[in-house]
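Quick note: residue numbers are just sequence positions, from 1. Reckoned from all heavy atoms, side chains included, excluding hydrogens, waters and symmetry mates. Predicted model only: the values in this text are computed from it and were never measured.
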Amino acid sequence: MDSRVVLITGSTGIAAATAELAAARGDRVTVTSRTPEHGEELARRIGCAFIAADLVKPDAAARVIEQVGHVDALFNVAGISGRKFGDGPLHECTEEGWDVTLDTNAKSMFLMCKAALNQMMNQPVAANGLRGTILNMASVLGLAPQAQHFATHAYAASKGAIFGMSKSMAAYYAPHKIRVNVIAPALVRTPMSLRAQGDPSVLALMKTKQPLAEDLIDAQDVARAAIFMLGDDSRMITGDTLMVDAGWCVSG
C-alpha cells in the first residue's frame, strides 16, 4: 500500500491510538494539538511529526496545513468537555461554558476543515479516485442523550453541529472527489473521561448502556474504526456516520 499523508488533530486518547495504527501501517502521520508535552511524546514514540497549534485561533489551521502540504486524510478529533467552564443542563449552563465548548469542538473543526479543503481542492485525483478524505469526531450524545450523568447541553450542541456540517459538506464535495464522514463514539476510556471512569454509578450504568463492553470502550476500538473510515476500504462511503457505541443507541 502506498504511503498516505494523514493529519490528526489531538495527541491523546482516540487521536493517539489512531496515530499509532496509521503509523504502524506505513502512513506519514502528523498530529497537531495545543499540548506540546503530549504531542512531542507521541511523536517520539511512534515516529510521527508534531505541530503545536491552538486550532481555535483563526490562523492556526491554515498554518498547520501549510506546514503539512499535501493531505490525503484529515481526522478531526480534538475537543473538550466544557464542564469546568460551566457546561451543564441548559438552565444552568454559563455563557462561558457555551462559548468555550462550541468554539473548541465546532469552530475549530470548521477552521480545520476549511483549511484542509482549500488544500484538497487543489490536489490531483489520486489513484484511488479521490482528492482527499475527512473524518470528523462527533459523539453519541449528539443523537442519543443520557440525562442522568451526561446533561452537558453545550457539548451535545457542539456535536450535533458536526453531524449537520459534515452531511452538508459531503453532498457538496462528493463531485470534487472528497469524502466527508463522521465517527460518533459513546463513552470511551480517554483522558477526557476521567470523571466518568472514577464514578461507580457511571460504571454501573455501562453494564447495560454499553452491553458489548459492559464498561467504557477502549480507545483502540474507536481507532480501528477510524482507520477503516480514513482508508481506501471505505472509499465509496461519504455523508455517513459510524457509531462506535458498544450498544448505547440500542440499549434501554
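In this structure the side chain of Met121 reaches within 4.5 angstrom of the side chain of Tyr173, judged on heavy atoms. A 4.5 Å side-chain heavy-atom check between Ser251 and Lys209 finds at least one atom pair inside the cut-off. In this structure, Arg131 and Pro124 have side chains that are not in contact, with every pair of non-hydrogen atoms separated by 4.5 Å or more. Using a 4.5 Å cut-off on side-chain heavy atoms (C-beta onward), Thr30 and Ile51 make contact. No side-chain heavy atom of Ile178 sits less than 4.5 Å from a side-chain heavy atom of Leu130. Side chains of Met120 and Ile134 form a contact here, defined as non-hydrogen atoms less than 4.5 Å apart. A heavy-atom distance below 4.5 Å is not found between the side chains of Val180 and Tyr172. Residues Met206 and Trp248 are in side-chain contact: their nearest non-hydrogen atoms beyond the backbone lie under 4.5 Å apart.
When only modelled atom types and interatomic distance are considered, Asn76 and Asn136 share a side-chain donor-acceptor pair under 3.5 Å. For the residue pair Gln67 / Arg63, a side-chain donor-acceptor distance below 3.5 Å is found, with atom types taken as modelled. Side-chain polar atoms of Gln123 and Gln119 form a donor-acceptor pair below 3.5 angstrom.
Expressed to the nearest 0.5 Å, how far OG of Ser139 lies from CZ of Phe163 amounts to 7.0 Å. With rounding to the nearest 0.5 Å, the separation of CG in Leu102 from OG in Ser108 is 10.5 Å. To the nearest 0.5 angstrom, Arg179 atom CZ is 3.5 Å from Thr133 atom OG1. With values rounded to the nearest 0.5 angstrom, Asp215 atom CG is found 4.5 Å from Arg189 atom CZ. Note that OG1 of Thr18 is 10.5 Å distant from CZ of Arg224, once rounded to the nearest 0.5 Å. In this structure, CZ in Arg28 is found 4.5 Å from OG in Ser3, a value given to the nearest 0.5 Å.
Chaining together hydrophobic side chains whose heavy atoms lie under 4.5 Å apart leaves Val56 on its own. In the hydrophobic clustering, Val6 connects to Ile8, Ile14, Val29, Val31, Leu42, Ile46, Phe50, Phe75, Val77, Leu135, Met137, Ile183, Val188, Ile217, Val222, Phe228, Met229, Leu230, Ile237, Leu242, Val244, either directly or through intervening members, whenever side-chain heavy atoms lie under 4.5 Å apart. Its side chain within the 4.5 Å cluster rule, Ile227 clusters with Leu21 among the Ile, Leu, Val, Met, Phe, Trp and Tyr residues.
Shown here for Val140 and Met243, the closest heavy-atom pair between the two residues is CG2-CE, 3.9 Å. The two residues Lys167 and Gly239 make their nearest non-hydrogen contact at NZ-O, 2.8 Å. Of all non-hydrogen atoms in Leu187 and Ala196, the two that sit nearest each other are CD2-CB, 4.0 Å. Counting all heavy atoms, side chain and backbone alike, Ala144 lies closest to Cys249 at CB-SG, 3.8 Å. For the residue pair Gly39 and Ser11, the shortest heavy atom distance occurs at N-OG, 3.5 Å. Scanning all heavy atoms of the two residues, the minimum distance from Ala151 to Ala147 falls at CB-O, 3.6 Å.
A salt bridge between Asp59 and Lys57 is absent, with no side-chain N of the basic residue lying under 4.0 Å from a carboxylate O of the acidic one. Checked for salt-bridge contact, Asp232 and Arg4 miss the test: no charged N lies under 4.0 Å from a carboxylate O.
With sequence neighbours excluded, no residue forms a side-chain hydrogen bond (donor to acceptor under 3.5 Å, both in side chains) with Arg195. Checked against ring-ring contact (aromatic ring centres under 6.0 Å, His included), His149 has no partners two or more places apart in sequence or in another chain.
With a 6.0 Å radius and a threshold of 12 heavy atoms from other residues, nucleotides or ligands, Glu37 has its CD atom above the threshold. For Glu66, the CD atom counts as loosely surrounded, since its 6.0 Å shell holds 12 or fewer non-hydrogen atoms of other residues, nucleotides or ligands.
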Could you walk me through whether Val68 and Val5 pass side-chain contact (heavy atoms from CB on, under 4.5 Å), step by step? CA-CA 9 Å; Val68 175; Val5 178; 3.8 Å; yes
Could you check Leu117 against His176 for side-chain contact (heavy atoms from CB on, under 4.5 Å), going step by step and ending with a plain yes or no? CA-CA 10 Å; Leu117 285 164; His176 299 282; over 6 Å; no
Verify side-chain contact (heavy atoms from CB on, under 4.5 Å) between Thr9 and Ser33, making sure each step is shown before the conclusion. CA-CA 6 Å; Thr9 71; Ser33 80; over 6 Å; no
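With Ser158 contributing its side chain and Tyr155 its backbone, the two residues share a donor-acceptor pair below 3.5 Å. Side-chain atoms of Thr208 come within 3.5 Å of backbone atoms of Leu205 as a donor-acceptor pair (strictly under, hydrogens ignored). In this structure, the side chain of Asp245 engages the main chain of Gly247 through a donor-acceptor pair within 3.5 Å. Side-chain atoms of Ser168 do not come within 3.5 Å of backbone N or O of Met165 as any donor-acceptor pair.
Within the structure, salt bridge (Lys or Arg N to Asp or Glu O under 4.0 Å) pairs that include any residue of residues 39-56 comprise Glu20-Arg45, Arg34-Asp54, Glu41-Arg45 (at least two apart or interchain).
Linking ILVMFWY residues whenever their side-chain heavy atoms come closer than 4.5 Å, directly or via other members, places Met192 and Leu141 in the same cluster.
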